[in-house]
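Being a predicted model, the structure only gives us computed values, none of them experimental. Excluded from the calculations below are hydrogen atoms, water molecules and symmetry mates; all remaining heavy atoms, backbone and side chain alike, are included.
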Amino acid sequence: MPNTPPDYDVLIVGAGISGIGMAAHMEMKAPHHSYAVVEQRDKLGGTWDLFRYPGIRSDSDMHTLGFDFEPWRHEKSIADAPAILDYLDRIVDERGIRQHIRFGHKVLSADFHHADARWHVEMELADGSRTRMTANFIYLGSGYYDYDEAYDPGFDLGEFEGQVVHPQFWPEDLDYANKRVVVIGSGATAVTIVPAMAEKAAHVTMLQRTPTWMFTRPAKDAIANFLRKVLPEKLAYRLTRFKNIKMQDFSFKLARDNPQKVKDALYKKIEAALGPDYEKDSFTPPYNPWEQRLCLVPDEDLFQAMKADKADIVTGHIAGFEKGGVRLANGDFLPADIVVTATGLKLAVAGKIAIHVDGEPVAFNQRFYYKGCMFSNLPNLAVVFGYLNASWTLRADINSDYVCRVLEHMRTTGTTIATPVLTPEGEAAITEDDVFDFSSGYIQRGKHIMPRNSVSYPWRLNQEYVLDRKRMKADPLLDGILTFSRAGAIARPSEPELEAAE
């Protein structure tokens, strides 16, 4: 047993929504534990500070993308990045979190030593130097994609002489006023960028290989704003959050059970915005709704830009890039001064940190998720991978709450290691499931690096928040799988020094 404590009880990696949420939960529910938040960038906010493309906004309502403990106070529930950053800044200042954040700290590697029950973490500072830190527990709030690299579809730009921009690396000085723009892609990023750029550009074309299901809703939630006027703020927020969670859950299940009904409803909304003569094929994907995430069009902004002839949607395959634009396989030519490659993200696991246990490298694609929060036979490490069919923060909240329960149990029992134990016999009995039942390109490209998934709880990253929230709160911590031990012990079900479970 080491004579000196680690530098911190908990090291939180990432100062975005996930990391800030965990810090706030610790302040409320695990106040006896010390913690630090390390962030490789020089500002907090994660995705909402990194991405600077025009119009960047949430594609989930902020009553569910916001935290369960902090009401969303803005009039618009579909919020832009500056409003989201204001929300996060207020939380870290009002709850005393900012003093715990270490900016300019990029985590390179982390090795858990059972002998001293702590992670030995190596980090690179902003000046290129290295530093080390120890922590008993690591919480990864580093997101799900590669901050350093975007997905490169391998376009041969040929003779094209204009600017080519990827949304992940948007130049601050890009002048697109009165320019012709082609945005390649049909996901949430493209659907956001096109109407925003159309306000200044001469014309913006969204070039899609395949269409995406789109749905419209007002950016302002009239019910939420009414409730805020007549009820106490926290009660109004809870009621709105409950309403929106139920609506998300109902819509997703309806899409899976009766996809045609959902298709008809989506078409009806688009027709109301564009008129009966709209080109239906441009809005008819080769898959059912919610087999990929739906794209939100708040206040019909994309459709209004199309009606004003400031934007259009073209479906086709790229034959090549030529001087002055993009040539399609059918021979059509799209003139362009600027090409935006909104072609997707590149998935990353564990923030690309080299994770080891007692010097042995950890391959996450050989580990099973445990309750969508931890991993099989991997001690003292938790992660957030948000919902694909609902708001990211919903999982961040329940995972943070669960980890705080684990930390408090370790404190009261004098244990220092928490491991979800999966025996070889237990693993052999598992029926595996697709970790992501979604056909999105970025999901399919990254599945080979993702952890494994069972058809049944708890070895599963589930996609049903209402059920997950209930189980994470109600199921006993001592479930016969999550095993608590002390420094020097490697968790095995038969060891006598383990904290016994029923």
Side-chain angles (χ1 to χ4, degrees), residues 51-57 59 80 153 155-216 219 269-285 295-344:
F51 285 91
R52 303 295 179 93
Y53 57 76
I56 178 171
R57 55 163 172 79
D59 65 348
D80 59 22
F155 291 137
D156 179 358
L157 298 176
E159 298 178 357
F160 183 68
E161 296 175 343
Q163 288 180 279
V164 179
V165 179
H166 193 284
Q168 190 167 327
F169 307 107
W170 198 270
E172 292 184 11
D173 60 349
L174 181 65
D175 179 13
Y176 55 88
N178 301 314
K179 301 288 181 66
R180 299 165 300 176
V181 182
V182 171
V183 178
I184 302 173
S186 60
T189 302
V191 170
T192 299
I193 287 175
V194 170
M197 295 189 76
E199 294 178 5
K200 295 180 181 180
H203 189 82
V204 184
T205 295
M206 188 173 93
L207 173 59
Q208 59 183 17
R209 185 173 56 186
T210 54
T212 298
W213 289 110
M214 300 182 190
F215 75 105
T216 66
K269 288 272 194 177
I270 297 170
E271 182 175 332
L274 291 177
D277 297 327
Y278 80 100
E279 190 176 334
K280 192 172 183 178
D281 287 348
S282 295
F283 301 94
T284 305
C295 283
L296 171 63
V297 183
D299 292 334
E300 301 179 351
D301 59 0
L302 173 62
F303 304 138
Q304 295 302 320
M306 293 173 67
K307 286 176 67 175
D309 201 29
K310 293 286 291 180
D312 66 341
I313 296 176
V314 173
T315 305
H317 291 262
I318 297 172
F321 291 82
E322 301 178 5
K323 188 174 182 178
V326 183
R327 180 73 63 184
L328 302 184
N330 65 1
D332 290 350
F333 184 76
L334 304 178
D337 303 301
I338 299 171
V339 169
V340 179
T341 56
T343 49

K.L.:
Evaluate the side chain to side chain contact (heavy atoms under 4.5 Å, CB included) criterion for residues Arg209 and Ile318: first the C-alpha distance (whole Å), next the side-chain angles of each, then the deciding distance (0.1 Å), finally the verdict.
P.N.:
CA-CA 8 Å; Arg209 185 173 56 186; Ile318 297 172; over 6 Å; no
K.L.:
At what distance, to the nearest 0.5 angstrom, does CZ of Phe283 lie from OH of Tyr278?
P.N.:
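That separation rounds to 7.5 Å.
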K.L.:
Not counting sequence neighbours, which residues clear ring pair (Phe, Tyr, Trp, His ring centres under 6.0 Å) with Phe51? List them please.
P.N.:
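For Phe51, the residues satisfying ring pair (Phe, Tyr, Trp, His ring centres under 6.0 Å) (neighbours in sequence not counted) are Tyr53, Tyr145.
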K.L.:
Looking at every non-hydrogen atom in both residues, tell me the closest pair between Phe155 and Thr343 and how far apart they are.
P.N.:
CE1-CG2, 4.0 Å
K.L.:
Under the side chain to side chain donor-acceptor pair (under 3.5 Å) test, which residues partner Thr341, sequence neighbours left out?
P.N.:
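Testing Thr341 for side chain to side chain donor-acceptor pair (under 3.5 Å), a comparison that skips the adjacent residues, returns none.
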K.L.:
For the atom pair CG (Leu207) and NE2 (His317), what is the distance rounded to the nearest 0.5 Å?
P.N.:
9.5 Å
K.L.:
Using the side chain to side chain contact (heavy atoms under 4.5 Å, CB included) definition, which of the options Val340, Val164, Val339 pairs with Ile184?
P.N.:
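Of Val340, Val164, Val339, side chain to side chain contact (heavy atoms under 4.5 Å, CB included) with Ile184 is met by Val339 alone.
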K.L.:
Looking only at heavy atoms, what is the nearest atom pair of Ala305 and Ala198, with distance?
P.N.:
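Looking at all heavy atoms of both residues, the closest pair is CB-CB, 4.1 Å.
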K.L.:
Could you work out, with salt bridge (Lys or Arg N to Asp or Glu O under 4.0 Å) as the rule, every residue matching Glu300, not counting sequence neighbours?
P.N.:
none
K.L.:
Mind checking what makes side-chain contact (heavy atoms from CB on, under 4.5 Å) contact with Asn330, not counting sequence neighbours?
P.N.:
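Applying side-chain contact (heavy atoms from CB on, under 4.5 Å) to Asn330 gives Leu328, Asp332.
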K.L.:
Atom CZ in Phe215, atom CD1 in Ile270: separation rounded to 0.5 Å?
P.N.:
11.5 Å
K.L.:
For Lys269, enumerate each residue passing the side-chain contact (heavy atoms from CB on, under 4.5 Å) test, keeping only those at least two apart in sequence or located in another chain.
P.N.:
Thr216
K.L.:
Identify the two heavy atoms, one from Phe303 and one from Ala273, that lie closest to each other, and give their separation to 0.1 Å.
P.N.:
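Shortest heavy-atom separation between Phe303 and Ala273 comes out as CD1-CB, 3.6 Å.
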K.L.:
With sequence neighbours excluded, what pairs up with Thr205 under the side chain to side chain donor-acceptor pair (under 3.5 Å) test?
P.N.:
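Once residues adjacent in sequence are excluded, the partners of Thr205 under the side chain to side chain donor-acceptor pair (under 3.5 Å) criterion are Asp312.
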K.L.:
Look up atom CG in Leu334 and atom CE in Met206, then write down how far apart they are to the nearest 0.5 Å.
P.N.:
12.5 Å
K.L.:
Return all side-chain donor-acceptor pairs below 3.5 angstrom for residues 185-192, not counting sequence neighbours, or 'none' if the list is empty.
P.N.:
from   : atom 1 : to     : atom 2 : distance (Å)
Ser186 : OG     : Thr210 : O      : 3.0
Ser186 : OG     : Thr212 : OG1    : 3.0
Thr192 : OG1    : Arg57  : NH2    : 3.2
Thr192 : OG1    : Ala188 : O      : 2.8

K.L.:
Measure the shortest side-chain to side-chain distance between Asp281 and Thr315 over non-hydrogen atoms and say whether it is less than 4.5 angstrom.
P.N.:
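Not in contact.
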K.L.:
Partners of Glu271 by side chain to side chain donor-acceptor pair (under 3.5 Å), sequence neighbours excluded?
P.N.:
none
K.L.:
Taking the side chain as everything from C-beta on, heavy atoms only, tell me whether Pro335 gets closer than 4.5 Å to His203.
P.N.:
no
K.L.:
Shortest non-hydrogen contact from Phe333 to Lys323?
P.N.:
CZ-O, 3.8 Å
K.L.:
For Pro54, what residues pass the side-chain contact (heavy atoms from CB on, under 4.5 Å) criterion, not counting sequence neighbours?
P.N.:
Trp170, Tyr176, Ala196, Met197
K.L.:
Does Gln163 have any side-chain contact (heavy atoms from CB on, under 4.5 Å) partners at least two apart in sequence or in another chain, and if so, which?
P.N.:
Leu174, Ile338
K.L.:
Would you list the pairs meeting salt bridge (charged side-chain N to carboxylate O under 4.0 Å, His left out) in which at least one residue belongs to residues 167-185, sequence neighbours left out?
P.N.:
Arg180-Asp337
K.L.:
Under the side chain to side chain contact (heavy atoms under 4.5 Å, CB included) criterion, do Leu274 and Lys307 qualify, and how do the steps go?
P.N.:
CA-CA 7 Å; Leu274 291 177; Lys307 286 176 67 175; 3.8 Å; yes
K.L.:
If the condition is side chain to side chain donor-acceptor pair (under 3.5 Å), which residues does Arg52 pass it with, not counting sequence neighbours?
P.N.:
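Checked Arg52 against side chain to side chain donor-acceptor pair (under 3.5 Å); matches are Asp49.
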